[in-house]
Amino acid sequence: MIPFDSFAMVDWSGGNDTGPRPRRDAIWLGLVRHGVEESPRYLRNRSLAEEAIAGLIEAERRAGRRLLIGFDFPFGFPAGFARGLTGRADPFAVWDWLEAQISDSPRANNRFDVAAMANGMFPGTGPFWFIGLRRDIAGLTRRDTRAGHGPPERRLADASGTFTCWQLGGAGAVGGQILTGLPVLNRLRRRFAGDVAVWPFEDRARPVAFVEVWPGLIGDVVKRAENAGGIRDAHQVRLMARALARLPAPELAAMLAVEAPEEGWIMGLGHEDKLRRAAEGLTPPPLRDDCFALPVGVDWTPADQALALLRARLHRVVGQEQVDLSGALGRVVAAPVTARRANPPDPNSAVDGYGFAFASLGEGDQILPLVQGRAAAGVPYDGKVPAGRALRVLTGATLPDGVDTVILQEDVSVGTGEIAFRAGIKPGANTRRAGEDVGEGETILAPGRVLTPADLALCAAVGVARLEVCLPLRVAIISTGDELAEPGHATRPGQIYDANRPMLSALVCDFGYEVVDLGKVPDDRDALRRALDRGAAEADVILTSGGASAGDEDHVSALLNEAGAMAEWRIAIKPGRPLALGLWRETPVFGLPGNPVAALVCALVFARPAMASLSGAGWFEPQGFDVPANFGKRKKPGRREYLRARMRDGRVEVFKSEGSGRISGLSWAEGLVELPEAGGEITPGDSVRYIPFASFLRG
Ligand code: AMP
Ligand code: MG
């Protein structure tokens, strides 16, 4: 197969003109032209659509590019229809017949009458049904009361659930689209004779291919985009054009290798996963299965070494999508964002005052006659200000021709038709140069940036309304332990409430990720296996708590070991028993300790930066501060220690107990004191490192 250079997707409509305002259930055209995604085009009626498609074919042919255009309606009818209608088992005989019969204008078309005419060629009631008009039509029924109508209900490609070609109207029906669509395609095919191949009926070695393909094949990707706002049809054509453009050539070839001489086929049927992956954007490769391996012979891994290993081995695992500014806060930029225009776009005034050409000033104090009119923000002055004259200008006004300098109104005495001011103003005073903030085409945001409110202002100012962002990292959370009860529920003897799941869910939410709550799982290997399977299917990373050591009931580590991609990280920190890191079906698992204090510390210190890498934001280092201690402590050498802490009056204090079961201490704390591996004595006033919890949130 010769590959294509450009890919378009058309969402057709059998209805009348849909008006000037872009809306759903109209005709939409999505295009990736030579690798560049264009904004979806709204086409309010079929004659505009026909011209737009013809224009596209002409442009791409002129540029020597090969073009694939997808349409979302069948190119053929169920076997036997063509012969019954035209005497020949040739789909194009049906195209010709329809083109000859259908008359179509933006306000009305005769598709129901044509269907009735077609019905007349078949035994019984004929195959078509449904009338979308008030008047009755002889030979066409309003409801499906057909009997003995000849051709089969469906094509081979049409699953039992989808609408049949015979239903001419009602939400989701395609019959009307076929009757109004095929005449247009037939005309285009003639107009570009020899250049267009209609798939799968014709030889594909032509520069333009018409292909039947349905956005429903990537329905869940469309749904996701739609949830972020915008018109469904626009997302459909944009994402399908993208999917087609990004399909690896062998996958596209495999999808096109179909024999269906009379009925046609839906391209991509049975390959939905590949289309979906392509529509979601660049999906990075999975992690290597040795990504959590530790150097051999190491017993206790120093925290920094553990972090360096994670940093080196983890990378972005999420795909990407486009969102509007309104849905972009907190999302991770996936592709460099460049200014579509400069900020400011034109030179303008920074103050309210009077503008003139600096070069036209004489020596000493000045008296300048005023020009009639004024320049205000959004209301520019049309004319040119002559040399030696001044114009009233307001803040934000574009500088008119003949003005390069503005004097502040407070520095001016205003007379009748003239102003006076002292000598000494500098050329260009009180003005802003075009592009002095951002030049057109400049990169304003780099991949990995987590979008802030100010970033959105910057995007808006330079004309960027949509952004390519990473899909949100989905984080599955599982608590393990026979002893766990759901907060608010009755407990059996020996049970405690599951404190980790609410804490970890909230934490993940604060990080800006999507929580997939998988509940609590008893100490049972099969139950845990099922939970991990779900996590791998529904999330990009799994956080478990409990069962991460090497004891009898430590099933997280046992299962990860069984899966062969587990490392038991004995990290030299306190609190924190071994952290179990592994992959479950290519999905990274952070097996956090069960103890809530240790779980939180390990989540912040290890899972936090790791998740930032996975999310596309890149490695993350929380900002710490060296501050005087308000406590004393003797520390043993060996492990790095984290103490629950908070700042008061410029000093850091620590919780009264280091007991690792004290959840109240976690709640009391506003951050952590980090004590280095070396031992020693801390006395009040010594400088220690304090990391506020807020430092862990966003970089
Ligand atoms: P484990 O790591 O499973 O041995 O658990 C260590 C300690 O943490 C035990 O005292 C558990 O009862 C406790 N623990 C485990 N999971 C939770 C949880 N989700 N909420 C509160 N405590 C827990
Ligand atoms: Mg346990």
Side-chain angles (χ1 to χ4, degrees), residues 292 300-301 306 475-510 515-532 534-535 539 541-562 566-582 584 589-608 639 641-642 644 655 657-669 672:
F292 292 131
W300 284 91
T301 313
V475 185
I477 296 175
I478 304 172
S479 287
T480 73
D482 283 337
E483 73 277 32
L484 300 182
E486 203 65 27
H489 285 59
T491 51
R492 293 190 310 272
Q495 280 201 307
I496 59 167
Y497 290 118
D498 178 2
N500 287 343
R501 207 150 41 91
M503 172 176 73
L504 294 173
S505 302
L507 200 62
V508 162
C509 218
D510 266 356
V515 175
V516 180
D517 185 351
L518 295 185
K520 58 186 171 53
V521 179
D523 288 317
D524 171 282
R525 212 156 286 192
D526 288 327
L528 183 59
R529 191 179 282 120
R530 282 194 299 276
L532 290 173
R534 257 193 77 189
V541 53
I542 303 171
L543 299 187
T544 67
S545 67
S549 311
D552 295 348
E553 297 294 350
D554 289 325
H555 301 287
V556 173
S557 35
L559 280 177
L560 290 177
N561 257 322
E562 200 180 287
M566 139 93 180
E568 188 182 300
W569 287 47
R570 307 208 316 151
I571 302 166
I573 68 164
K574 181 185 172 191
R577 287 185 311 170
L579 186 63
L581 299 185
W584 186 263
V589 181
F590 281 80
L592 303 170
N595 181 299
V597 177
L600 183 67
V601 168
C602 285
L604 292 176
V605 176
F606 296 102
R608 169 59 180 135
R639 294 202 278 173
E641 278 190 41
Y642 291 93
R644 284 150 281 181
F655 191 56
S657 156
E658 288 183 23
S660 65
R662 301 274 196 117
I663 302 178
S664 68
L666 273 186
S667 163
W668 171 92
L672 299 172

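Note that these values count all heavy atoms, side chains included, but never hydrogens, waters or copies made by symmetry. When a ligand or atom number is given, it counts from 1 through the structure's own listing order.
Checking side-chain atoms of Asp482 against main-chain N and O of Asp523 turns up a donor-acceptor pair under 3.5 Å.
Once rounded to the nearest 0.5 Å, the distance linking CG of Leu543 with SG of Cys602 reads 11.5 Å. Residue Asp554 holds its CG atom at 11.5 Å from CG of Leu560, rounded to the nearest 0.5 Å. The distance from atom OH of Tyr497 to atom NE2 of His489, rounded to the nearest 0.5 Å, is 9.5 Å. The distance from the OG1 atom of Thr480 to the CD atom of Glu483 is 7.5 Å, given to the nearest 0.5 Å.
For the residue pair Asn500 / Ser479, no side-chain donor-acceptor distance below 3.5 Å is found, with atom types taken as modelled.
Between Arg501 and ligand 1, no N or O atom pair is found at a separation short of 3.5 Å. Taking only nitrogen or oxygen atoms, main chain and side chain alike, Gly594 reaches within less than 3.5 Å of ligand 1. Residue-to-ligand polar distances place Glu483 within reach of ligand 1: an N/O pair is separated by less than 3.5 Å. Below 3.5 Å of separation, one finds no N or O of Ala548 facing any N or O of ligand 1.
Interface atoms of ligand 1 facing Ile496, defined by a heavy-atom separation under 4.0 Å, are 12 (O), 21 (C), 22 (N), 23 (C). When each atom of ligand 1 is checked for a heavy atom of Pro596 under 4.0 Å away, the hits are 21 (C), 22 (N). With ligand atoms numbered from 1 in the order given, ligand 1 contributes 6 (C), 7 (C), 8 (O) to contacts under 4.0 Å with heavy atoms of Asn595. Counting the atoms of ligand 1 from 1 in the order shown, those under 4.0 Å from a heavy atom of Tyr497 are 20 (N), 21 (C). When each atom of ligand 1 is checked for a heavy atom of Ala499 under 4.0 Å away, the hits are 18 (C), 19 (N), 20 (N), 21 (C).
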Just do the salt bridge (Lys or Arg N to Asp or Glu O under 4.0 Å) check on Arg501 and Glu486 with the steps written out, would you? CA-CA 10 Å; Arg501 207 150 41 91; Glu486 203 65 27; 2.9 Å; yes

Run the salt bridge (Lys or Arg N to Asp or Glu O under 4.0 Å) test on Glu658 and Arg644 for me, step by step, so that the C-alpha distance in whole Å, both residues' side-chain angles and the decisive distance to 0.1 Å come before the verdict. CA-CA 8 Å; Glu658 288 183 23; Arg644 284 150 281 181; over 6 Å; no

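Ligand 1 has at least one atom lying under 4.0 Å from a heavy atom of Gly547.
Of the heavy atoms in Ala599, none comes closer than 4.0 Å to ligand 1.
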